[in-house]
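First up is the structure itself, then whatever we jot down about it.
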Amino acid sequence: MASIYKVWMFIDVPIGVPIFINLFAILLLTPKFLSLLRDYRARYMNIGEVDPSFKVFYEE
């Protein structure tokens, strides 16, 4: 029975590592997402003020 717990432990680690990497990436991208959401609401839903200097794409 102890060997089953060792197998689950070794399976949980490779599954858990990508989860933490994804959570870290989500935390890093949250400010950009919120600024894009504010811009979308201002331009298309008429909630808030449109910032004319906001660049959605890098080519602009």
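The analysis underlying the following values was restricted to heavy atoms, covering all of them including side chains, and did not include hydrogens, waters or symmetry mates.
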query = Is Y40 reachable from I47 through a run of I, L, V, M, F, W or Y residues, each pair having side-chain heavy atoms under 4.5 Å apart?
reply =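 I47 clusters together with Y40.
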I'd like to know if I15 and L23 are part of one continuous hydrophobic network [Ile/Leu/Val/Met/Phe/Trp/Tyr, side-chain heavy atoms within less than 4.5 Å]. yes
Measuring from atom [atom1] of [X] to atom [atom2] of [Y], what distance do you get when rounded to the nearest 0.5 angstrom?
| X | Y | atom1 | atom2 | value |
| --- | --- | --- | --- | --- |
| L37 | R41 | CG | CZ | 4.5 Å |
| I4 | W8 | CD1 | CH2 | 10.0 Å |
| E49 | D39 | CD | CG | 12.5 Å |

Tell me whether R43 at atom CZ has more than 12 heavy atoms from other residues, nucleotides or ligands lying less than 6.0 Å away.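 Enclosed: over 12 neighbouring heavy atoms sit under 6.0 Å from CZ of R43.
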Exactly one candidate in I21, L28, I26 meets side-chain contact (heavy atoms from CB on, under 4.5 Å) with F24; the answer is L28
Closest non-hydrogen atom pair between K32 and K55, with its separation: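 Smallest interatomic distance, heavy atoms only, reads NZ-O, 4.3 Å.
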